[in-house]
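What follows is a single structure, written as structure tokens, with notes after it.
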Number of protein chains: 2
Amino acid sequence: MTNRASLQDIADQLGITKMTVSRYFRSPEKVAPATREKIAQAVKHSGYIHNRAPALMSRALSRTIGVVIPSLSNQVFSALVDGIETITNAESFDILLAHSGYDPKVEERKIEMLLSYQVDGMILCETEHTDRSRAMLKQAGIPVVECMELPEAPIDMVVGLDHKAAAFNAVTRMIASNKQHIVYLAARLDRRTMLRQQGYEQAMWEAGLTPQTVATPFQSSFSQGMKLLQQALDTFDRVDGIFCTNDDLAVGAMQFCKNEGIRVPDDLAVMGYNGLDIGLTMQPKLTSVVTPRQAIGIKSARLLIDVINGKAPSDKLFDLGFSYTAGESLS
Amino acid sequence: MTNRASLQDIADQLGITKMTVSRYFRSPEKVAPATREKIAQAVKHSGYIHNRAPALMSRALSRTIGVVIPSLSNQVFSALVDGIETITNAESFDILLAHSGYDPKVEERKIEMLLSYQVDGMILCETEHTDRSRAMLKQAGIPVVECMELPEAPIDMVVGLDHKAAAFNAVTRMIASNKQHIVYLAARLDRRTMLRQQGYEQAMWEAGLTPQTVATPFQSSFSQGMKLLQQALDTFDRVDGIFCTNDDLAVGAMQFCKNEGIRVPDDLAVMGYNGLDIGLTMQPKLTSVVTPRQAIGIKSARLLIDVINGKAPSDKLFDLGFSYTAGESLS
DNA sequence: AACACCTATGTTACACGTAACATTTTGTTG
DNA sequence: CAACAAAATGTTACGTGTAACATAGGTGTT
């Protein structure tokens with residue numbers, strides 16, 4: 001393997017010290033124009049690539065943030081990361097990205113890896129963590145933002161929304177549109193799914209209705225949505241609405257309706273969750289709870305970088321709320 | 001900020017040297033059981049987190065691979081990364097993940113960042129790179145795998161499939177099912193879309209048929225699929241089949257058929273591309289070209305790690321081919 | 001001319017895990 | 001128990017960008 005060029009190589013070549021070359025990269029205005037020009041040439045010629053290992057060794061900031069998302073194929077998290085990068089790009093921070101597959105054990109491994117790179121802060125998208133994850137983050141002494149949810153035992157700061165309240169509001173809305181036999185469609189029984197179920201159940205009980213749920217432990221998908229609706233229709237006497245734990249299930253269910261000639265929303269009201277683009281391409285458009293994930297990303301990164309820069313946060317918990325898509329699958 | 005515990009801290013505490021503690025982590029069997037136990041206690045108590053910065057400074061392997069994917073919300077790449085991690089986990093390599101948003105300029109920045117962490121190898125999912133990207137990778141002297149496609153000017157190694165051949169095969173299959181007036185539906189006119197068009201056209205010419213294309217520069221989506229099929233039917237006298245550049249378009253087109261009472265496949269055969277889950281929720285199920293993305297991930301990582309470990313690769317280019325979903329939208 | 005001040009560059013020390021080699025301790029065998 | 005092998009631990013040096021401080025040379029002011 002070719003040895004990579006170092007600052008020293010460039011400096012030797014020009015008869016100067018590596019300190020000047022280092023300055024050239026980080027604050028060129030402190031280097032004399034003539035020297036700057038010489039260095040520029042030499043850098044171009046040698047193809048120097050910055051090596052951040054030595055900087056990581058000093059106790060200086062790495063200007064890097066670790067981000068752990070649960071899944072790589074979910075628009076929710078891609079929008080979240082977009083939001084984060086809006087801020088990190090502007091502040092010239094880098095992000096180091098990892099994914100956990102919704103598994104706290106995997107998350108632990110990824111947190112360990114990111115910490116080993118001396119990240120200055122961490123954004124986590126889940127609220128369930130192993131004890132070791134919590135201990136490592138504490139020991140690392142860096143600011144942490146948990147986002148998407150409002151955890152019961154926050155590590156540090158939180159930016160998210162109340163999924164139980166959102167679900168409650170959504171189901172109450174369905175009931176208000178004159179649906180009474182609303183079934184909850186759930187997949188991958190994680191914490192957020194449970195929270196939404198709680199909101200759903202509370203809304204049903206408060207309206208004097210009986211909650212009924214069909215669930216699968218599998219990852220949610222369009223085809224799971226079809227299967228779950230089928231199952232709901234097979235299981236329960238009457239079904240005139242479904243509250244889906246996410247838009248994948250909802251779209252799959254609407255597809256099922258199309259195939260089976262079930263009219264939406266007349267025969268069956270459909271409420272999704274997340275407000276993905278795909279819902280708006282359906283006929284009728286899917287009504288869905290919109291989670292402000294880009295805003296969550298922006299706020300999370302903003303908050304984290306401010307704290308890294310020594311500012312005291314105005315608060316430790318930010319609830320960014322929710323809204324609805326302009327859908328027609330409800331009434 | 002609390003100073004993180006170092007190996008030295010643990011060693012001091014036990015009256016041994018940090019070298020022994022270092023050994024405890026990397027080859028515990030070389031440490032006496034009694035010492036091992038003592039260290040384990042101290043480590044647990046201090047909450048030590050490994051710091052890889054010093055190791056990155058030596059010329060030793062970082063046991064880390066950089067991966068750049070175009071998008072964080074595409075099942076194709078999530079499956080690819082899954083495949084990669086199958087291997088990296090087994091070989092105790094870490095991956096550093098970045099995404100480029102399909103933009104070579106952004107890819108360049110991400111490549112630079114990953115190289116600054118001294119990754120031992122790089123997996124890229126696109127074949128268009130800036131000159132600087134190529135120069136940096138060359139200078140870094142690490143093995144590189146480009147995956148998904150078979151580029152004309154490979155940087156180093158390639159694991160992918162021939163999209164032109166796949167398209168040719170798919171269209172030939174449509175023709176064999178007695179369709180003659182097949183239209184190509186294209187969106188976001190990137191390289192892969194073009195390659196598929198070439199395959200389509202070749203298949204048509206070879207069968208003595210005339211290729212006909214409708215295209216949009218916009219990002220593909222369900223609604224684009226609907227619009228494009230509408231446009232095709234308006235533009236051409238007879239249409240009895242469509243070859244869609246991806247499943248989004250195909251699903252949109254099939255929905256259009258459902259709305260308009262066009263029978264699939266009797267009136268119109270539909271062929272998709274990628275074999276995503278949603279295609280299987282359609283009625284009839286969408287027939288689609290399946291790209292072996294998990295296998296591509298596995299092969300890419302296997303190859304890269306072998307080369308990192310000093311093995312000479314048996315070949316520099318691996319075409320993993322394609323298959324079809326068990327769909328019913330063809331005949 | 002003396003002084004303060006600025007700009008450009010240099011000098012020194014440091015961060016900390018690990019490879020390579022050295023030394024000590026323990027175990028084994030004739 | 002001497003002699004040697006093996007196991008366990010220690011010693012030394014290294015990599016490379018950067019903070020902090022030092023110095024050289026130049027400019028301007030009184």
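Below, chains carry the letters A, B, ... as their sequence lines are ordered, and counting in each starts from 1.
- Rounded to the nearest 0.5 angstrom, B/Ser62 OG and B/Leu56 CG are separated by 6.0 Å.
- B/Arg63 places its CZ atom 19 Å from the P atom of C/dG17, with the value rounded to the nearest Å.
- The phosphate of D/dG15 has neither OP1 nor OP2 within less than 4.0 Å of any side-chain N or O from A/Ser6.
- Within the model, atoms CD of A/Gln41 and CD1 of A/Ile10 stand 12.0 Å from one another, a figure rounded to the nearest 0.5 Å.
- Within residues 40-52 of chain A, no residue places a heavy atom under 4.0 Å from DNA chain C.
- Note: B/Leu72 CG to B/Leu97 CG = 7.0 Å, rounded to the nearest 0.5 Å.
- The minimum heavy-atom distance between A/Leu304 and A/Met122, with the atom names listed, is CD2-N, 3.6 Å.
- Relative to the six-membered ring of B/Tyr102, B/Arg188 meets both conditions, a distance below 6.0 Å and an angle of at most 45° to the axis.
- Distance, B/Leu7 CG to D/dG10 P: 13 Å, rounded to whole Å.
- The stretch residues 17-34 of chain B comes close to DNA chain D through B/Thr17, B/Met19, B/Thr20, B/Arg23, B/Glu29, B/Val31, B/Ala32, each having a heavy atom under 4.0 Å from the strand.
- The residue B/Ile16 sits close only to the backbone: its heavy atoms come under 4.0 Å of sugar-phosphate atoms, none of a base.
- The interatomic distance linking A/Met57 (CE) with D/dA19 (C1') rounds to 14 Å, in whole Å.
- Put simply, NE2 on B/His129 and CG on B/Leu137 are 8.0 Å apart, with the number rounded to the nearest 0.5 Å.
- The interatomic distance linking B/Leu14 (CG) with D/dG10 (C1') rounds to 15 Å, in whole Å.
- Taking atom CG of A/Leu61 as the reference point, atom C1' of D/dG17 lies 15 Å away to the nearest angstrom.
- A distance of 11.5 Å separates OG of A/Ser22 from CD of A/Gln8, quoted to the nearest 0.5 Å.
- Distance check, rounded to the nearest 0.5 Å: SG of B/Cys125 to NE2 of B/His99 gives 13.0 Å.
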